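Encoded as structure tokens, the structure appears first; notes follow it.
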Amino acid sequence: MKSLKIEEISALIKEQIKGYNETIKTTNVGTVIRVGDGIALVYGLDQAMNGELLEFPNGLFGMVLNLEKDYVGAILFGGSHLVKEGDTVKATGRILEVPVGEAMLGRVVDALGNPIDGKGVIKTSTYRPVEKKASGVMARQSVKVPLQTGIKVIDALVPIGRGQRELIIGDRGIGKTSIAVDTILNQKDENVICIYVAIGQKESTIANVIETLKENDALKYSIVVAATASSPAPLLYIAPYAGVTIAEEFMYAGRDVLIIYDDLTKHATSYRELSLLLKRPPGREAFPGDVFYLHSRLLERAAKLSNELGAGSITALPIIETQAGDISAYIPTNVISITDGQIFLQSDLFYSGIRPAVSAGLSVSRVGGNAQVKAVKKVSGTLRLDLASYRELEAFTQFGSDLDASTKAKLERGKRTVEILKQDLHKSVAPYELTMLVYALTHGYLDNIEINKLAEYEAKLYQELKVNSLGLEIVKHLKTEKTLPDTNILDEFLIEFAKNF
């Protein structure tokens, strides 16, 4: 009896051994040796990769940013108070990813792609790593499709193409964000997805932008990635990369995307803070040596893909804040050298009532006419020179009153040019309207109109184009052919309009 029991037990053990298929899991585990100010130093993670996601206690995640001989330096995506010295840290073996796809449209998310708009979870199963190599030269094609901003001075003087990187630069509070938001609003019927990345902005500012998008029915084709001023530095650092990752999903699906980084000055500052805390050697203005790479690897991801890859595009409008208009400072010069041109806003123009306060002399588009509507390009060819010569004459004539007729005529034309390029917030102008307005200006139809009546002239001109039979014919040609109609027809229309005005 006793031996039978032993045999039964033996058979049971053998059966269990036979059915044992448990695999051994190894986890790379480390210990926190120092924590504070959004960073943690972790000992023992010998196999950690740069950019790898780390799991801290209390559901907090971090990312490896420094690989040292004895420890790794990690940034924390949350409050440092949740971690203490001696805590166990697990390496996940994964690179940081964010959710992407159609479900993101109309949503407000944080820098990690988590919804913060109170509309519930984002139902998507697609994720992309935030760090990715930019498309190579052979994967791209030249930028030649215009991206209309609806802002007269930009579409006429510094045109932007789909796939371009155009910097918006200027001092604080002179309309940089307004230009970006107006560009988003103008994409309503253009089949362009818009992503607004707020980096270190006040929550009230971000709320205003979201409200403007809602009021103008633009949130449905937009995504807002918000890392507010109260967010820790690691979230400010990762936000623009998360934004461009969301954009890439649409680009590789053959869609056109506009992404705005507001602003990269605060992004560079957050990176400097993290680098100094991680004991990286400081360079000029205490920025680390790789601060150029910080923005180049971000902005190089904007592209116009080749037809073989679906011809999608990402157009980037980074914003940089200057101090007293100094565009020769470290970060402004870095970003200017990465981008394909800049829209420079001047404080003195802004405070003298010229809004948008775009400087025609310092603003440039290195893609330029290649991505401009042909009709607009044709009529606005001399506009920049007219403005530049007006500014020069204006400065010169302050010292003398005896002017010849030719100089007076140039001054009057310049005044009208400046006045006609003024524009109210959220009032976009279509390419056909801009073409007619600039044609009227450059061909002398506004020379006899009083300056204080130019705004009225402009409004009535746009109205007349929609009701007059000849106007409708011109509009149809401009919309379908994109080229300038016969100038005799334009002259006939404008002469008739001038009589009635």
Side-chain angles (χ1 to χ4, degrees), residues 38-39 49-54 61-66 73-78 92 94-101 104 107-116 122 124 126-135 165 167 193-201 206 223-228 231-252 257-275 278 287-288 290-303 314-320 331 334-335 338-339:
I39 65 126
M49 302 176 284
N50 195 27
E52 184 175 352
L53 203 61
L54 302 179
F61 284 90
M63 187 180 85
V64 176
L65 205 63
N66 253 28
I75 55 175
L76 301 172
F77 299 130
T92 61
R94 294 185 290 120
I95 300 297
L96 180 64
E97 296 177 321
V98 290
V100 294
M104 304 293 285
R107 301 301 299 267
V108 182
V109 297
D110 66 12
L112 300 175
N114 303 312
I116 53 173
I122 295 170
T124 180
T126 317
Y127 287 77
R128 274 182 172 269
V130 295
E131 288 284 3
K132 180 188 168 294
K133 193 178 176 184
S135 306
R165 300 152 302 177
L167 172 64
I193 290 162
C194 301
I195 300 173
Y196 177 78
V197 184
I199 309 160
Q201 301 296 317
I206 300 169
I223 302 162
V224 177
V225 180
T228 65
S231 302
L235 290 178
L236 302 188
Y237 161 68
I238 213 71
Y241 298 107
V244 76
T245 302
I246 295 166
E248 279 177 336
E249 177 70 11
F250 294 110
M251 178 177 74
Y252 285 110
V257 188
L258 167 69
I259 185 163
I260 285 137
Y261 305 109
D262 191 7
D263 63 54
L264 290 188
T265 311
K266 292 184 179 71
H267 182 231
T269 305
S270 69
Y271 186 63
R272 173 171 63 184
E273 182 185 325
L274 294 172
S275 297
L278 289 167
F287 285 103
D290 65 338
V291 77
F292 181 89
Y293 179 60
L294 173 79
H295 289 150
S296 66
R297 76 176 191 266
L298 171 71
L299 295 169
E300 285 294 332
R301 286 165 77 172
I314 293 175
T315 308
L317 296 184
I319 294 174
I320 287 286
I331 298 304
N334 269 357
V335 183
I338 298 163
T339 49

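Predicted model only: the values in this text are computed from it and were never measured.
The distance from atom CZ of R107 to atom CD1 of I122, rounded to the nearest 0.5 Å, is 4.5 Å. In this structure, OG1 on T315 lies 6.0 Å from CG on L258, to the nearest 0.5 angstrom. Between atom CZ of residue F77 and atom CG of residue N114 there is a gap of 11.0 Å, rounded to the nearest 0.5 Å. In this structure, I195 CD1 and I314 CD1 are separated by 7.0 Å, a value rounded to the nearest 0.5 Å. A distance of 9.5 Å separates CG in L235 from OG in S270, rounded to the nearest 0.5 Å. The distance from atom CZ of R94 to atom CE of M63, rounded to the nearest 0.5 Å, is 13.5 Å.
Partners of N66 under the side-chain hydrogen bond (donor to acceptor under 3.5 Å, both in side chains) rule, at least two apart in sequence or in another chain, are E68, R280. D263 is linked by a salt bridge (charged side-chain N to carboxylate O under 4.0 Å, His left out) to K266, counting only residues two or more places apart in sequence or in another chain. Qualifying ring pair (Phe, Tyr, Trp, His ring centres under 6.0 Å) partners for F292, counting only residues two or more places apart in sequence or in other chains: none. With sequence neighbours excluded, the residues that form a side chain to side chain contact (heavy atoms under 4.5 Å, CB included) with Y127 are E97, P99. Judged as a side chain to side chain contact (heavy atoms under 4.5 Å, CB included), and not counting sequence neighbours, the contacts of A316 are R165, I259, Y261, L299, A302, P318. The side-chain hydrogen bond (donor to acceptor under 3.5 Å, both in side chains) test applied to S135 returns Y252, not counting sequence neighbours. Applying the side-chain hydrogen bond (donor to acceptor under 3.5 Å, both in side chains) criterion to D290, with sequence neighbours excluded, gives Y271. Listed by chain and number, the residues in a ring pair (Phe, Tyr, Trp, His ring centres under 6.0 Å) with Y241 are Y237, H267 (sequence neighbours excluded). Applying the side-chain hydrogen bond (donor to acceptor under 3.5 Å, both in side chains) test to T228 and every residue at least two apart in sequence or in another chain returns S230, S231. Not counting sequence neighbours, the partners of T245 by the side chain to side chain contact (heavy atoms under 4.5 Å, CB included) test are V98, V100, R128, V130, R301.
In terms of heavy-atom proximity, V225 sits nearest to A239 at CG1-O, 4.1 Å. Residues M251 and V257 come closest through the heavy atom pair N-CG2, 4.2 Å. S296 and I338 make their closest contact through N-CD1, 3.6 Å (heavy atoms, listed as atom of the first residue, atom of the second, distance). Taking every heavy atom of both residues into account, I95 and P129 meet most closely at CG2-CB, 4.3 Å. Nearest heavy atoms, A242 versus A111: CB-O, 3.2 Å. Considering every non-hydrogen atom in both I331 and A268, the closest pair reads CD1-CB, 3.8 Å.
Annotation: side chain of L264 is in contact with side chain of L298 (closest heavy-atom distance under 4.5 Å). A 4.5 Å side-chain heavy-atom check between I199 and P240 finds at least one atom pair inside the cut-off.
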Quiz item: So V291 and R272, side chain to side chain contact (heavy atoms under 4.5 Å, CB included) or not? Walk me through it.
Solution: CA-CA 8 Å; V291 77; R272 173 171 63 184; over 6 Å; no

Self-check item: Chi angles and distances behind the side chain to side chain contact (heavy atoms under 4.5 Å, CB included) call for F250, I223
Solution: CA-CA 12 Å; F250 294 110; I223 302 162; 3.8 Å; yes

Exercise. Using the side chain to side chain contact (heavy atoms under 4.5 Å, CB included) rule, take L112 and L96 through it: C-alpha gap first, then chi angles, then the decisive distance, then the call.
Key: CA-CA 9 Å; L112 300 175; L96 180 64; 4.2 Å; yes

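Sorted by first and then second residue, the salt bridge (charged side-chain N to carboxylate O under 4.0 Å, His left out) pairs involving residues 234-244 (not counting sequence neighbours) form an empty list.
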